[in-house]
Each structure stands twice: as C-alpha cells, then as structure tokens.
Amino acid sequence: MRRRTIIAATGLAVLTGGAGCLDGVDGSGGEEEGEQEDGTATPGETDHQNGLEDRVRDCEEQFIREEIVTGADEHIDGPLAPAIVERRPGEAGEFLEVRTEFGVTRETDDGPDEHLDYAVAAIYLVGDDVYRTEGTDADGDPGDGIRVDC
C-alpha cells in the first residue's frame with residue numbers, strides 16, 4: 001500500500017512539473033503579442049486597445065438603454081454584455097463590431113408579461129468622433145452612421 005502511494009505521488013509530481021514546461025509550446029517562444037517576457041501585458045498599446053473596447057461597450061449599453069429599450073413598462077432581464085467580435089483599422093479611425101444579446105420583459109395590463117429576445121449588432125467608428133452604424137454594414141462614409149456622445 002505504501003509503495004502505491006509513493007508511485008502515485010511521484011507520478012503526480014512529474015505530471016505537474018511537465019505541465020509547467022508545456023506553457024508557451026505554441027511556437028511563439030512563450031510570448032504572445034502584447035506580452036512582456038514575464039507574461040504580463042505591455043503597457044501603452046494594450047491599455048489603449050482595452051480602453052477603446054471598454055468605451056465602445058459602454059456606448060453600446062447606453063445606446064440600448066436609451067434608444068432600444070425605451071418603454072416604462074420594459075425591463076432588461078439580467079446584465080447587458082456587449083461583445084467586441086471584430087476590430088479593424090480604417091482611414092478615419094478604428095472600426096469595432098459589437099453584438100449584444102439580451103432579454104426584455106414587457107409588463108402588460110391585460111394578460112401575462114411578454115418576454116422579448118434581442119440580438120443587436122452595430123459597428124462603431126472611433127476616431128475624432130464616434131459613429132454608430134446599425135447592423136454590420138459600415139462600409140463607405142463613416143458619417144453615414146449616427147454620431148454618438150460617449
């Protein structure tokens with residue numbers, strides 16, 4: 001019985017030690033783009049990118065609350081969680097595609113409450129100003145979208 005315990009403990013130690021050696025075996029030399037040697041994010045560019053994405057998420061939440069779910073009898077079920085699904089540079093700024101799925105409960109006086117499911121897609125152009133284009137067709141003039149304050 002003691003021999004099995006020693007063998008099991010030795011095997012676990014070898015597996016645990018080997019798992020740490022496999023970190024970064026993807027051929028990238030252990031460093032991802034935007035990481036320092038110790039694996040932490042590089043300051044500057046990464047902070048700017050994350051800040052821009054956070055700003056667009058906040059803008060989309062604000063837009064949904066003010067322009068889509070507008071009825072006093074409507075309530076968003078759960079938290080809104082806009083997701084950045086694509087990001088690409090453009091001449092006038094950065095394009096960020098955002099998708100948000102959420103549910104809304106609409107209270108009714110003459111029957112049971114209604115539940116509505118929403119899937120909202122938009123493209124934001126963030127440059128000197130911020131423009132929002134409904135859907136995923138933001139080609140052409142960025143000013144074709146609506147200018148949003150956020």
Side-chain angles (χ1 to χ4, degrees), residues 11-150:
L12 183 60
V14 169
L15 288 175
T16 305
C21 293
L22 293 176
D23 188 30
V25 177
D26 60 357
S28 67
E31 292 179 33
E32 296 292 325
E33 183 175 322
E35 288 186 357
Q36 298 180 32
E37 286 182 32
D38 63 356
T40 59
T42 54
E45 190 63 29
T46 304
D47 293 340
H48 171 72
Q49 290 174 351
N50 291 339
L52 189 62
E53 289 180 7
D54 289 343
R55 178 180 176 195
V56 168
R57 283 187 200 99
D58 291 344
C59 284
E60 186 66 359
E61 279 191 44
Q62 176 184 339
F63 186 86
I64 288 170
R65 292 183 191 281
E66 293 176 1
E67 302 295 329
I68 295 177
V69 182
T70 58
D73 60 343
E74 295 177 329
H75 305 282
I76 297 173
D77 300 332
L80 290 174
I84 308 295
V85 295
E86 184 179 353
R87 184 175 178 166
R88 65 183 186 278
E91 290 181 21
E94 293 242 11
F95 288 96
L96 289 93
E97 183 178 342
V98 182
R99 292 182 194 253
T100 311
E101 296 178 359
F102 60 97
V104 170
T105 300
R106 181 180 296 155
E107 298 173 5
T108 59
D109 293 333
D110 57 347
D113 293 347
E114 295 178 285
H115 180 79
L116 307 168
D117 289 321
Y118 284 87
V120 179
I123 298 221
Y124 280 80
L125 171 63
V126 181
D128 293 337
D129 293 313
V130 178
Y131 291 92
R132 182 184 187 276
T133 303
E134 191 73 30
T136 58
D137 299 324
D139 295 329
D141 183 11
D144 289 343
I146 59 168
R147 187 172 179 272
V148 289
D149 262 344
C150 54

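Look at Asp54 and Arg57 and you find a salt bridge, because one of the NZ, NE, NH1 or NH2 atoms lies within 4.0 Å of a carboxylate O, short of that distance. Taking the charged nitrogens against the carboxylate oxygens, Arg132 and Glu134 do have a contact shorter than 4.0 Å, which makes a salt bridge. Using a 4.0 Å cut-off between a side-chain N of Lys or Arg and a carboxylate O of Asp or Glu, Arg99 and Glu101 do not qualify as a salt bridge.
Between Leu52 atom CG and Ile84 atom CD1 the span is 8.0 Å, to the nearest 0.5 Å. Here the straight-line distance linking atom CD1 of Ile64 with atom CZ of Phe102 works out to 4.5 Å at 0.5 Å rounding. The distance from the CG atom of Leu80 to the OH atom of Tyr118 is 11.5 Å, given to the nearest 0.5 Å. Note: Ile123 CD1 to Thr133 OG1 = 7.0 Å, rounded to the nearest 0.5 Å. Rounding to the nearest 0.5 Å gives a distance of 13.0 Å between CZ of Arg65 and CD of Glu74. Atom CZ in Arg88 sits 9.5 Å away from atom CG in Leu125 (nearest 0.5 Å).
Side-chain contact between Gln62 and Val148: absent, with no pair of heavy atoms (C-beta onward) separated by less than 4.5 Å. Side chains of Phe63 and Thr100 form no contact here, defined as non-hydrogen atoms less than 4.5 Å apart.
Checked options Glu60, Glu53, Arg55; the residue passing with Tyr124 is Glu60 (criterion: side-chain hydrogen bond (donor to acceptor under 3.5 Å, both in side chains)).
When all heavy atoms of Asp113 and Thr108 are compared, the pair lying nearest together is OD1-N, 3.4 Å. What you find for Asp149 and Arg147 is that their closest heavy atoms are OD1-NH1, 3.8 Å. In terms of heavy atoms, Val98 sits closest to Pro82 at CG1-CB, 3.7 Å.
Of the N and O atoms on the side chains of His115 and Asp117, at least one donor lies less than 3.5 Å from an acceptor on the other residue.
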